[in-house]
Amino acid sequence: MEAFRSEMPNHFNLPERIARLGELAYNLWWTWEKETQRLFEYIDPHLWEETYHNPIKFLRQAARARLNAVTFDKWYVEFYDRTLELFDRYMAAEDTWFLQRYPGLLNNPIAYFSTEFGLHVTVPIYAGGLGVLSGDHVKEASDLGLPFVAIGFLYTQGYFSQHITEDGWQEAHQVNLKFDDLPVLPLLKDDDQPAAVSVELPGREVHARIWEVRVGRVPLYLLDTNMEGNSESDRALTARLYSSDLDLRISQELILGVGGVRALRMLGYNPSVWHMNEGHSAFLALERCREKVAAGRAFAEAAEEVRRPTLFTTHTPVPAGNDEFPLWLMDKYFSHLWPELGLERDAFLDIARRQLSWGETFSMPVLALKLSAAANGVSELHGQVARKMWQFLYPAKKAEDVPISHITNGVHTGTWLARRLLGLFNQYLPENWYENIDDPDVWEHVADIPDEELWEARKHLKRKLVAYMRERARQQWVYDGVHPVQVVAAGTLLDPYALTIGFARRFSTYKRAGLALSDMERLLRLVNQPNRPVQIIFAGKSHPADEPGKLLIQEVYRKVKQAENGGRLVFLEDYDMNIARYLVQGVDVWLNTPRRPNEASGTSGEKAALNGVLNFSVLDGWWREGYNGHNGWAIGADHDYDDPAVQDREDAASLYATLENEIIPLYYDQRPGDKMPVKWVEMVKECLRTLAPRFSMKRMVKEYTDRLYLPMMQGAETIAASKK
Ligand SMILES: *Cc1c(COP(=O)(O)O)cnc(C)c1O
């Protein structure tokens, strides 16, 4: 078999003593091993900020004198040696959870497919929650030592950056990414040519080259069609995420599904588990059927074999969020494949045929459900919703018997926990708490943290957030030529001591960003109470083709600009993982107002909870499971509505009443000696104790492994054994 390699480019001019900084820069391990970033930051803190925490750009630009200087700094070189020792030990992986639990299964790789991966702000190949979840999943797979490989896209333009005009209209700015600045390594063949796979599209073959991202121990392979041998338009196929153009979309999904399987084969993988994170990658099942038919199986038999090791995770209770391709499009892209599968047109379309109001479609989630042996939603409620939604595929079954289970989403601790709190937890939680983050017993020790220290940490994080926002507003004022009112709208008047609420997420209409603003008179009365100010920070992007979403941003922005709110309502432009970190660590309260039951899980509130930020949310997705009456607040009741107008009205009433009667008093009253709000801190502790272990990515990936991956891995074992 041909060998492939990814080699670090030799573009750093580092002193020998600290030469391995280059290696760290090309492994995203540094992004979640919190202290490690100080290895870069310490060399030149100003440049570290200027390069937006991108170690590759940073190391290229760092002055040689500075690099030389740290090699004579005793503290630095010791820290450097310690960190690299930690890194080497991590990479050698001798005592991981997986190795200890399933030592015989290390050679049964799990292949994980997703259209987006949110790994770090400097690699903008994610749009929102789905991507951040994929990124967190890969990082935890690395931490737990799973035999894991991931497949996605390296979008040449990444996701857009957002600018808001004075009138509140979202403008999408696209630029070409400089791959040289990213922690992506070209995969090369023996002859130094780029490793690539080909996929048949109508009338041509399209080639996609393969890049490698090192996520701790896990390789993530990214496909990119911008290469020689492709036409101009094919080169742009993987330029952006989620086009609404159907041809572009189906082409991308073919490249991910079919090209992804071919890439893994080329690299020598024979996965024991194929995990489709959302239906976009479901064509991978057809490609594997094609392989088996080519090897002599009948289609039905091939499909059965393909199903057994295949897992589908659905994330979308909103029907419009699912890919449905019209049949004419399927004819255009797949007619060459029917004979290769041994099928006629109709039999092929039957695999995933779905009747919708506007006509017949080939449905990606149906394909994924039919060609997988296990499927799951991402919270308990979402599991129920998904079973109802897909019941028509299982006419003999009652909704509760539809074979879709659930595993509630979690978040990756190292990525989302504030450094300041990490220090506090290191001090007061049991040793090895970090390795056992999903163990509820560990978190009983939150009680040992002195209230004052916890409160100091919370205050520190809020000051940091406010300082960051003001600095951003200043930069916009100086460099972007924005209107003065936009400088205020960006947070110039924020008060680091006021009760601060965060609302940040994609602006889709079901998330109801405007709910808190639905009664402005009442809201203004609340935020402007003398001596008890309240501020609300909004942030979020809308998909560029989502006109209602963009109108919602405009509606919010116009209210934010009103002088009456005194600068206490704020809109933070260009929401990304960096801003998300500042917000979920820095605010006091995390607000989420989805129209239940449309929020499959949500994860931003889990990030907030991990940092002791109290959730104030609709009982939907994860919060319906997390809320216990003492660890945050609920908006509305634990039931569904038939009439969305009634639902909106009742949820808004609940929101205002709880804010007024519970949240504001809890924060401002009961401060003995005018110091800390003791009852609030008590609730922060209850939030950490009950939510941090359960909604961790460690709990989640262990659950996927034990419940879903393992039977498939063992199936592979049995099959392999029976062939001997
Ligand atoms: C965590 C995160 C999300 C997901 O947020 P939800 O509102 O919970 O869906 C979206 N975007 C970014 C940048 C995130 O970090």
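Computed from heavy atoms alone, side chains included, the values below leave out hydrogens, waters and symmetry copies. For ligands, and for the atoms within them, numbers begin at 1 and follow the listed sequence.
- At a heavy-atom cutoff of 4.0 Å, ligand 1 is contacted by no atom of V411, backbone or side chain.
- Only the side chain of V132 comes within 4.0 Å of ligand 1, counting heavy atoms alone; its backbone N, CA, C and O stay farther away.
- When only modelled atom types and interatomic distance are considered, R240 and T156 share no side-chain donor-acceptor pair under 3.5 Å.
- Near G129, meaning under 4.0 Å from any of its heavy atoms, are these atoms of ligand 1: 3 (C), 4 (C), 10 (C).
- Under the 6.0 Å distance and 45° angle rule, K541 does not count as a cation-pi partner of Y159.
- D143 and W32 form a side-chain donor-acceptor contact under 3.5 Å, judged by distance and modelled atom types alone.
- Side-chain contact of K139 with T415: a donor-acceptor pair under 3.5 Å is present, judged by distance alone.
- Assignment of W416 to the shell around ligand 1 is supported, since a heavy atom sits closer than 4.0 Å.
- When each atom of ligand 1 is checked for a heavy atom of R505 under 4.0 Å away, the hits are 7 (O).
- No donor-acceptor contact under 3.5 angstrom links the side chains of S379 and R624, judged on distance only.
- Considering only residues two or more places apart in sequence or on other chains, P644 meets the side chain to side chain contact (heavy atoms under 4.5 Å, CB included) condition with R595.
- Shown in contact with A580 at under 4.0 Å from a heavy atom are these atoms of ligand 1, numbered in order with element: 15 (O).
- For the pair I579 and D574, the tightest heavy-atom approach, listed with the atom from each and the gap, is CD1-O, 3.3 Å.
- Against a heavy-atom cut-off of under 4.0 Å, G602 is close to the following atoms of ligand 1: 8 (O).
- Contact annotation for S604 and ligand 1: heavy atoms of both the backbone and the side chain come within less than 4.0 Å of the ligand.
- Ligand 1 has at least one atom lying under 4.0 Å from a heavy atom of K511.
- Ranking protein heavy atoms by distance to atom 1 (C) of ligand 1, first place goes to K607 NZ, 1.3 Å.
- Side-chain contact between T316 and E278 is present, with at least one heavy-atom pair separated by less than 4.5 Å.
- Among all protein heavy atoms, the one lying closest to atom 11 (N) of ligand 1 is Y575 CE2, 3.5 Å.
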